[in-house]
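This report refers to the structure that appears directly beneath it.
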Amino acid sequence: MCGIVGYIGYRDAYPIIIKGLKRLEYRGYDSAGITLFDDSSTVVKTKGKVSDLEQTAASHDNKGKTLGMGHTRWATHGIPSDLNSHPHLSNSGKIAIVHNGIIENYAALKKMLSDNGFHFISDTDTEVLVNLIEFIKTSQNLKVGKAVQIALTQVVGAYAIAVIDADRPGEVVVAKLGSPLAIGIGKDEYFIASDASPFIEYTKRTIYLDDNEMAVISREQGFKMYSIINDKVITPIIQDIQLSLETIEKGGFDYFMLKEIHEQPHAINDTFRGRLLVDQRRINISGIEHNKEIFKNASRITIIACGTSWHAGLVAEYLFEDAARIPVEVEYASEFRYRNPVINKGDIVIAISQSGETADTLAAIKLAKENGAFVFGICNVVGSSIARAADGGAYTHAGPEIGVASTKAFTTQLTVIIMMGLRLGQLKGTIDNADFDRVAKQLAALPKLIESVLAYDKQIEKIAREYKDASNFLYLGRGYNFPAALEGALKLKEISYIHAEGYPAAEMKHGPIALIDKNMPVVVIATNKGHYEKIVSNVQEIKSRNAKIISIVTKGDESVKLLSDHVIEIPEVTEALVPILASVPLQLLSYHIAIMRGCNVDQPRNLAKSVTVE
Ligand code: F6R
């Protein structure tokens, strides 16, 4: 996590860096800092958000400095505080660093440096790294670029760093392992950032550093890239960024989360455009077509993911088993990577990740590949580490998701999964034409159906008002609606801080039913497909314990309606598509409750969008 931004060129660096940090704030917002450098350098840093940094920096002269770098932090080593904020300076004050990642062997390095007379004022691993660079630079009489390269060969962990040294004014050194780093190439100017969003209004030309790559960017000598491992010069690959400014701005909405909820019809359309060919009875996902034989011969699939993406994986389990008769296991990436999973040559592992940077998912992919698996990635962020590590894959094309809570990323992951289920069913010969046509047609109609559900916003806001002060919520569903219940509960807890749990409805009587009384709101997803009568019975059981019932039902429902205190109707669709439609009112419910409780829904406490630490 953490976001880093840097600039070297001819413009004022300060506004570029501040604006860039605001765009990267989704990566962490515990503290922020900036250093500007020309003839002399200033470092300003503070606990809190980039807006706090702006206030603190207002008393400094920030004008006329054309080189600088900034940082927005998600705390790992050391509490959020002014001292632990980046940039960190070396003991001489000459070298400054911003860092996204974790230096795992920092304790041993710190001891070695202390033995050599270095002192430390923060609790961070980053301060150790900047002093290691200084130690190597001074003890071996090297330029800072070479010292960075040697230092990084001694480091265990993950990093994206930018380093400046007062002895080399007009130069920035950057390097990457594990955490993302993009370099924007302008005319006589360069931008550095954790993703391309801070510089898209200045240049579309970018280089995404690969692991173990570094670059020295100099005013006089331009840009040179090297391998950290052997110091060899690397020829950079410059790409054109496909990102537009509107997609990363709020576009009239109060919060990114609300914008992203409302973007879902459009986003889902983008996900299936050119891939869902209803009339031809065809799904055209190139990542599958190029690996058709592998999927055709699949004897089992393991899905690895975290958080919301893991919930999408659960839907895939139900669908792939149902439509393609392939056994599927869904695993938390963080558990998978640390046990001794049975993965054999030829196994298929599907990794699902919005950001494409989640450290546990990435590590799980590496493990799966080492064991000979074929890895298929479902990612949103184009060119992300997971997308690149996979053997094949499908992008969700949801566009940038900036609100920390996943909304459109989830429903577009599900859209990819539905298309995959249909195609795998065809490849395996386990889905008949009538079923294929029915699901494909309904999928194509989803954007319109979602529009109709979004129209219930005011009704949902009213329900939110009634329950905003609850301390606990339960979310229940069966079959495909069980993952939707888990996702609904996660959404509520992460942005409103109300304790919420999702359960398979029938599991209630094995324990959680003890929690139910008149103060417990229970959200039930009780649509008419699947095990409708069974869930009606479950709702009866809750009703008899006086819980408040908020139900998501199919339009025209009678039975659940009678038992419920509040009803939200969604259009009738096949079971596998319900989690997409049901998620929309659940997102809105969480959103409104969180807003009414005064929470910042885009930046919930303790969270970050891109979890690049394990
Ligand atoms: C919740 C949420 C997280 C992410 C999880 C995985 O709203 O967004 O639970 O789903 O951190 O992130 P990705 O999908 O980027 O791997």
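All of these numbers come straight from a predicted model, not from anything done at the bench. In each ligand, atom 1 is the first atom listed, and ligand 1 is the first ligand listed.
Counting only N and O atoms by type, the side chains of Asn380 and Thr396 include a donor and acceptor under 3.5 Å apart. Judged by distance alone, the side chains of Ser51 and Lys22 never bring a donor and an acceptor atom under 3.5 Å apart. Side chains of Ser309 and Gln354: a donor-acceptor N/O pair is absent below 3.5 angstrom, by distance only.
Within the 3.5 Å criterion, the main-chain N or O of Gly28 finds a donor-acceptor partner in the side chain of Thr72.
The closest protein non-hydrogen atom to atom 6 (C) of ligand 1 is Cys306 O, 3.4 Å. Among protein heavy atoms, atom 15 (O) of ligand 1 sits closest to Ser355 OG, 2.6 Å. The single protein non-hydrogen atom nearest to atom 7 (O) of ligand 1 is Glu494 OE2, 2.5 Å, given as residue, atom name and distance. Of the protein's heavy atoms, Val611 CG2, 3.9 Å lies nearest to atom 11 (O) of ligand 1. Nearest protein neighbour of atom 16 (O) of ligand 1, counting heavy atoms only, is Thr358 OG1, 2.4 Å.
Residue Val404 places a heavy atom less than 4.0 Å from ligand 1.
Note: an N/O pair closer than 3.5 Å links Ser309 and ligand 1 by distance alone. The N/O atoms of Thr308, backbone and side chain alike, include one that comes under 3.5 Å of an N/O atom in ligand 1. Taking distance alone, with nitrogen or oxygen atoms compared against 3.5 Å, Thr361 stays at or beyond that limit from ligand 1.
Using a 4.5 Å cut-off on side-chain heavy atoms (C-beta onward), Asp195 and Pro180 make no contact.
Short contacts between ligand 1 and Ser406, defined as distances under 4.0 Å to a heavy atom of the residue, involve ligand atoms 7 (O), 8 (O).
Taking the six-membered ring for Trp and the full ring otherwise, Phe295 and Phe376 have centroids separated by under 6.0 Å.
For the pair Arg605 and Tyr497, the cation-pi test (distance below 6.0 Å, angle within 45°) is passed.
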